[in-house]
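Notes for the one structure printed next.
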Amino acid sequence: MVGSRGLIGAMCPRFCLTATPRETADLLGLAALDGFPPRYNIAPAQPILVALGGAEDRPDAGRPGRAGLLVRWGFIPAWVRDLKGFPLLFNAAAETAGEKNAFRAALRYRRCLVPASGWYEWRRDDRGRKHQAFFIRPRTAGPIAFAGLMETWLSPDGSELDTAAILTTTANRTLRPIRDRTPVVLEEADFQRWLDCRSHDGADVADLLRPAPDALVEAVPISDRVNRIADTSPEIQAPIKLAETPSGGDKTRDPPDQPSLF
């Protein structure tokens, strides 16, 4: 069994993509995307959309131009022979991905974009238990893109499985009171450099793997309905008011210096 300690830069394993196919294609620089419904509660091991550079950006690409691809959210390195006991690598710590055998080749040759409309996080209590759920969403309209790594795994029976992980980094000031890790959100101006695996190796793009600007996202408190993976309704994003103690104190008060919540 291969342990995942040190491989995963932990964040909550849940995000959403509710933008239209046209909005998503425009963000990713794709000519078009097949139609797909909004997805409000995407979990590891489920299929996710990624965008990869074409032959001009990747040595192993079969054709020019960016392409959209459905992959399994759960990275499997090419060298894995038996999945039994292998951990579900849905995240990769940006600070150490280039040092890990699991991710080194993908960081060099198969970097990708993962479109999202936001993600979910939980503030934990003193015992480390999930205490309050938040929907983390961009303040501006439209989807965003996480930095991702993609790998095609060849199973012993000869079948292929495309897989991916989302890179994580330290949280910015807005999100730090909720969780100390967040996905790497790339700026649109940096998409091309991130996808260009011919001209830029992992060290060349390390500066892109930074916390998002403090004002990019807001944290909206939501109910614990999001805990249930089977609940895929838009209502899981409905904002709630945080409870206060009888004395007027707020047990889960807003983080200091954070812009007011929805």
* Asked: Hey, does the side chain of Gln132 reach the backbone of Ile222 with a donor-acceptor pair shorter than 3.5 angstrom?
  -> yes
* Check whether any side-chain N or O of Asp201 sits under 3.5 Å from a backbone N or O of Arg108 as a donor-acceptor pair, and report yes or no. => no
* Are Ile229 and Ile136 joined in one hydrophobic group, where the rule is that I, L, V, M, F, W and Y side chains link up if heavy atoms are under 4.5 Å apart? -> no
* **Test: Asp57 and Arg193 ion pair at under 4.0 Å** => no
* Shortest non-hydrogen contact from Phe191 to Ala145? -> CZ-CB, 3.5 Å
* Results of side chain to side chain contact (heavy atoms under 4.5 Å, CB included) for Asp82 - residues two or more places apart only -> Lys84
* To do: Look up atom CG in Leu33 and atom CG in Asp26, then write down how far apart they are to the nearest 0.5 Å.
  => 9.5 Å
* To do: Go through the side-chain N and O atoms of Trp122 and Asn227 and say whether any donor and acceptor fall under 3.5 Å apart.
  => yes
* Asked: Does some side-chain heavy atom of Leu107 sit less than 4.5 Å from a side-chain heavy atom of Arg111?
  -> yes
* Asked: Under 3.5 Å, is there a donor-acceptor pair between the Asn41 and Thr232 side chains?
  -> no
* Determine, stepwise, if the pair Ile144 / Val185 fulfils side chain to side chain contact (heavy atoms under 4.5 Å, CB included). => CA-CA 7 Å; Ile144 55 178; Val185 180; 4.1 Å; yes
* Going only through I, L, V, M, F, W and Y residues with side-chain contacts under 4.5 Å, is there a path from Leu17 to Leu167? -> yes
* Decide yes or no for Trp119 and Phe146: does some side-chain heavy atom of the first lie under 4.5 Å from some side-chain heavy atom of the second? => yes
* **Worked verdict on Arg137 versus Val220 for side chain to side chain contact (heavy atoms under 4.5 Å, CB included)** => CA-CA 8 Å; Arg137 67 183 184 188; Val220 179; 3.6 Å; yes
* **Salt-bridge present (Arg181, Glu95; N to O < 4.0 Å)** => yes
* Asked: Can you check whether Leu175 reaches Val217 side chain to side chain, under 4.5 Å on heavy atoms?
  -> yes
* Asked: Within the distance-only criterion (no hydrogens, no angle test), does the side chain of Ser159 pair as donor or acceptor with the backbone N or O of Ser155 below 3.5 angstrom?
  -> no
* Structure fact -> Looking only at heavy atoms, the pair that brings Ser199 and Asp204 closest together is O-OD2, 3.7 Å
* Carboxylate-amine/guanidinium proximity below 4.0 Å for Arg110 and Asp60 -> yes
* Asked: Would you call Phe75 and Ile166 a side-chain contact if the rule is heavy atoms closer than 4.5 Å?
  -> no
* Can you find a pair of side-chain heavy atoms, one from Tyr40 and one from Thr18, that are under 4.5 Å apart? -> yes
* Structure fact -> Interatomic distance, CD1@Ile178 vs NE2@His131, rounded to 0.5 Å, equals 12.0 Å
* Looking only at non-hydrogen atoms, find the nearest pair between Phe135 and Cys16 and report the distance. => CE1-SG, 3.7 Å
* Structure fact -> For Pro213 and Asn172, the nearest pair of non-hydrogen atoms, with its separation, is O-ND2, 3.3 Å
* Asked: Between the main-chain N or O of Arg228 and the side-chain N or O of Asp231, is there a donor-acceptor pair closer than 3.5 Å?
  -> no
Report, one line per pair, each donor and acceptor closer than 3.5 Å where one atom sits in a side chain of residues 45-55; sequence neighbours left out.
| residue | atom | partner | partner atom | Å |
| --- | --- | --- | --- | --- |
| Gln46 | OE1 | Arg39 | NH2 | 3.4 |
| Gln46 | OE1 | Ala43 | N | 3.0 |

* To do: Would you please test Val184 and Leu186 for side chain to side chain contact (heavy atoms under 4.5 Å, CB included) and show each step?
  => CA-CA 6 Å; Val184 174; Leu186 293 171; 4.2 Å; yes
* ILVMFWY cluster, Leu195 and Leu70 together (side-chain gap under 4.5 Å) -> yes
* Asked: To the nearest 0.5 Å, what is the distance between OG1 (Thr163) and CG (Leu89)?
  -> 8.5 Å
* Structure fact -> Smallest heavy-atom separation, Ala171 atom then Pro211 atom, equals C-CB, 4.4 Å
* Asked: Does any donor atom in the side chain of Arg225 or Gln237 lie under 3.5 Å from an acceptor atom in the other side chain?
  -> no
* Honestly curious: do Phe36 and Phe15 fall in one hydrophobic cluster under the side-chain, below-4.5 Å linking rule? -> yes
* Between Pro77 and Phe86, is any pair of side-chain heavy atoms under 4.5 Å apart? -> yes
* List the steps, then state whether side chain to side chain contact (heavy atoms under 4.5 Å, CB included) holds for Thr24 with Leu28. => CA-CA 6 Å; Thr24 305; Leu28 301 176; 3.9 Å; yes
* **Distance, nearest 0.5 Å, that separates CD1 of Ile236 from OG of Ser223** => 8.5 Å
* Any donor-acceptor pair under 3.5 Å from Ser117 side chain to Ala19 backbone -> yes
* To the nearest 0.5 Å, what is the distance between OH (Tyr109) and CD (Glu151)? -> 12.0 Å
* Asked: Is a salt bridge present between Glu99 and Arg104, judged by a nitrogen-to-oxygen distance below 4.0 Å?
  -> no
* **Basic-acidic side-chain contact under 4.0 Å: Arg176, Asp180** => no
* Do Leu154 and Leu161 sit in the same hydrophobic cluster, where Ile, Leu, Val, Met, Phe, Trp and Tyr count as joined when their side-chain heavy atoms come under 4.5 Å apart? -> no
* Does the pair Thr174 and Asp214 meet the rule for a side chain to side chain donor-acceptor pair (under 3.5 Å), with working shown? -> CA-CA 5 Å; Thr174 301; Asp214 294 338; 4.6 Å; no
* To do: First locate atom CZ of Phe90, then atom CD1 of Ile42, and finally report the distance between them rounded to the nearest 0.5 Å.
  => 14.5 Å
* Side chains of Met150 and Leu69 in contact at under 4.5 Å (non-hydrogen atoms) -> yes
* If only atom types and distance count, is the side chain of Arg14 paired as donor or acceptor with the main-chain N or O of Val226 below 3.5 Å? -> yes
* Ion pair present between Arg198 and Glu56, side-chain N to carboxylate O less than 4.0 angstrom? -> no
* Asked: Out of Glu218, Arg179, Arg123, which one pairs with Phe134 under the side-chain contact (heavy atoms from CB on, under 4.5 Å) rule?
  -> Arg123
* To do: List the atom of Val114, the atom of Gly148, and the distance in Å for their closest heavy-atom pair.
  => CG2-CA, 4.2 Å
* Can you check whether Arg72 reaches Leu88 side chain to side chain, under 4.5 Å on heavy atoms? -> yes
* Asked: Would a distance-only check, ignoring hydrogens and angles, find a side-chain to backbone donor-acceptor pair under 3.5 Å from Trp153 to Val80?
  -> yes
* Asn91 (side chain) donor-acceptor with Thr168 (main chain) under 3.5 angstrom -> no
